[in-house]
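The structure follows.
Just so it is clear: chains get the letters A, B, ... in the order the sequence lines come, proteins before strands, and each one is counted from 1.
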Protein chains: 2
Amino acid sequence: MGDGVGTGLDLPLDKVLVGDCIALMRQLPPASVHAIFADPPYNLQLKGDLRRPDDSLVDGVDEAWDRFDDLAAYDAFTHEWLTEARRVLRKDGTIWVIGSYHNIFRLGTALQDLGFWVLNDVIWRKANPMPNFRGRRFTNAHETLIWAARGAESRYRFNYAAMKSLNEEVQMRSDWFIPLCTGAERLRDETGAKLHPTQKPEALLHRVILSCTQPGEVVLDPFLGTGTTAAVARRLGRRYIGLERDPAYAAAAEARIDSVEPLSESAALVTAGKREQKRIPFGHLVERGLVPAGTVLVDRGRRWQAVVAADGSIRCGRAQGSIHQVGALVQEAPSCNGWAFWHVEQPGGRLRVLDEFRVALQGEG
Amino acid sequence: MGDGVGTGLDLPLDKVLVGDCIALMRQLPPASVHAIFADPPYNLQLKGDLRRPDDSLVDGVDEAWDRFDDLAAYDAFTHEWLTEARRVLRKDGTIWVIGSYHNIFRLGTALQDLGFWVLNDVIWRKANPMPNFRGRRFTNAHETLIWAARGAESRYRFNYAAMKSLNEEVQMRSDWFIPLCTGAERLRDETGAKLHPTQKPEALLHRVILSCTQPGEVVLDPFLGTGTTAAVARRLGRRYIGLERDPAYAAAAEARIDSVEPLSESAALVTAGKREQKRIPFGHLVERGLVPAGTVLVDRGRRWQAVVAADGSIRCGRAQGSIHQVGALVQEAPSCNGWAFWHVEQPGGRLRVLDEFRVALQGEG
DNA sequence: AGGACCGTTGAATCGTACG
DNA sequence: ACGTACGATTCAACGGTCC
């Protein structure tokens, strides 16, 4: 175990250690790991239960490890584990933490207060998030990762070319579109229940680990859970150290990791990038002023007209709805493609079909 | 100026006030604005002299300020203006703040510490971000907004239906794809130089203001800059209060706001959700003969049927009660929306859902 | 075989008006 | 203030079944 950096302490490489991550990190030599990925408890503070419109119950996070007395207790915990993480991190290593609005501001503040140097915040845009069932907020469709160097002067690693190649030869942006961990990838027990409430998708860890480490380097995960970080690290030819308090999670992680076949180095560079589909809501044209609120729309024969409202709905007499709904309504047709039906009168009397305004936005990501 | 809430202080509506936003907010009556949008400056120089966001030099010129002091000064400033903002915000009002990874964690932590209740963090995904020229990080392609209520118990406003309409009848997510402010929208001086370094796009403010206010309500921007918030508020038929310390920015903002034409009432009128519509008791439909007593109701699958009584209750076997109670009972569900559950058989065998009968009374006073 | 259809599910801080 | 009853509210992916 070569990486002991002259401390006399050996690194427990490619192992899952069961116990409290703070105590376990204290036993690791300083400046010994190249990268850290940490998915700490989010402190969600859920109250009652939540039902879908069909009355089925949402299986939320209700584990003891996610409960803290208050924000101060959460902050104290955060400072403590981040302090050990910083000690264990090599001088030029980097750390990733992930969270939601419940905890990410506490994490970011703690990182900065401890001297870490934020390099990016990265948005995991979920392809298939849970909707907001009550219609009281925006769909919570992302989580935030913070990527930080040990300090402002760190000469950290960033595999720029690998990230660019992952992204069809344009620079990798700070917003990543990746599906949830579902289907066959999701670990389940015999009854079909999920083994861990918050298992992260391997695609996310693939990108994280590939971005900031080289093969053979050491990735530490202080909150290993069911082992996504370690499994991906192993597949990508990295070494790992996984810390996990719950023996059941740790056991599941070990079994999972054992089943992983390390990739050859060339194969490690390939990723199954899910391409994002393009759909442009009419409302976006309104916001952007391309078809401003107040615009009068007419059909090709100028038989009907409608006024565009600020929310992208249109109104024709008492009827209000989407361009498609109102188009169908006035024609008494079962359906209507509003993009082709409605036109904007141009100076000079020419009509321009809505679809032409949409193509102006087609090029955008 | 009606909204003074009995304080004797008047609200300076539709004005740009020049001065320090903290001092100016102290002169506003408490609980007086419906929404706040804040784009606080992040001018702290991390190398060399330490300056406050208002450009004043922090005392102790000869002192070696380290990173901690930088952050502490920023935190103190943040707490101070957010404290005043919270005082000025109505009980059920909401606040938006925007920032990047340099300051958003400080903002979020301060919001939580002051008792604000985070509703969403929202990602502004930039369509055309500046590339990372050095190739040392991910392209910083987004900024983060935090949307928060004044407190955990606030009954805040969220125009769910309008947001859904803006997004082609799919729930609005927490990641928004909007271009930078460029082209004709970008304010420039005679030489073509940008008037303000971080002018926000109007499309962003359009969505923000539309999501959480009604026409006629008051939007406060403590860091108005060149007036995007006020201009969009005016266009959407909202009132505004803009605070700006730089007289040049304030002057540019005023000129810009003056040139804005408010939308017509019909264009500003946004899709109303069912929650906004008047509540109509089922009994009224019975009284009015729209669904006469004796009518047989069935569910969509014709599994259950019930008979309408003269008092608007319905009976299904031995069960009698409201359309909701009986619907829940027969399904053995915890609750039921009777308007959507029960149907009336039409001549020809078609089923018509109760909700459709309600529409006839919707327009009446 | 393959397309249509249906059931399940995911880190969730998910009411409000009226008496 | 507090209790009660009304009644509003979901998207995409995946896997299994049926025809």
Q) Whole-Å distance between C:dA11 C1' and A:Ile104 CD1? A) 12 Å
Q: Go through D:dG7, D:dC11, C:dA12 for me and flag the one nearest to the B:Arg279 side chain.
A: D:dG7
Q) Across all strands shown, which nucleotide pairs with D:dT10 by Watson-Crick or G-U wobble geometry, both distances under 3.5 Å? A) none
Q: Could you work out the separation of C:dC18 and C:dC14 based on their C1' atoms and round it to a whole Å?
A: 22 Å
Q: For nucleotides D:dT17 and C:dA1, find the distance between their P atoms and express it as a whole number of Å.
A: 15 Å
Q) Going by an N to O cut-off under 4.0 Å, is there a salt bridge joining A:Glu202 and A:Arg256? A) yes
Q | Closest to the B:Gln325 side chain, choosing from C:dA17, D:dT9, D:dA5 | A | D:dA5
Q) Has the side chain of A:Lys200 got a donor or acceptor atom sitting under 3.5 Å from an opposite partner on the base of C:dA11? A) yes
Q: Provide the distance between the two P atoms, one in C:dT9 and one in D:dA8, to the nearest whole Å.
A: 27 Å
Q.
Please report the distance, rounded to the nearest Å, between CD in B:Glu153 and P in D:dC2.
A. 12 Å
Q. Any idea which of D:dG7, C:dC14, D:dC11 is nearest the B:Lys164 side chain?
A. D:dC11
Q: Could you pick out which residue, A:Arg188 or A:His102, lies toward the 5' side of DNA chain C when each is mapped onto its nearest nucleotide?
A: A:Arg188
Q | Quiz item: cation-pi between A:Arg136 and B:Tyr156, 6.0 Å / 45° | A | yes
(Q) Nearest to the B:His324 side chain among D:dT10, C:dG10, D:dC6, which nucleotide is it? (A) D:dC6
(Q) At 4.0 Å (heavy atoms only), tell me whether A:Ala184 reaches a base, stays on the sugar-phosphate, or touches nothing. (A) sugar-phosphate
Q.
Taking the C1' atom in each of D:dA1 and C:dT16, what is the distance between them to the nearest angstrom?
A. 15 Å
Q) Can you find a donor-acceptor N/O pair under 3.5 angstrom joining the side chain of A:Arg52 to the base of C:dG10? A) yes
Q: Establish, with yes or no, whether the OP1 or OP2 oxygen of C:dG10 is under 4.0 angstrom from a side-chain nitrogen or oxygen of A:Lys126.
A: no
**Q.** Residue closer to the 5' end of DNA chain D, A:Pro129 versus B:Cys336 (nearest nucleotide)
**A.** B:Cys336
Q | B:Asn337 side-chain N/O to D:dA8 phosphate OP1/OP2 under 4.0 Å | A | yes
(Q) Checking base pairs now: Watson-Crick or wobble, both atom distances under 3.5 Å. What partners C:dC14? (A) none
Q.
Starting the side chain at C-beta, find the nucleotide from C:dC14, C:dT16, D:dA8 nearest to B:Arg155.
A. C:dT16
**Q.** Counter-base of C:dG19, judged by Watson-Crick or G-U geometry with both distances under 3.5 Å
**A.** D:dC2
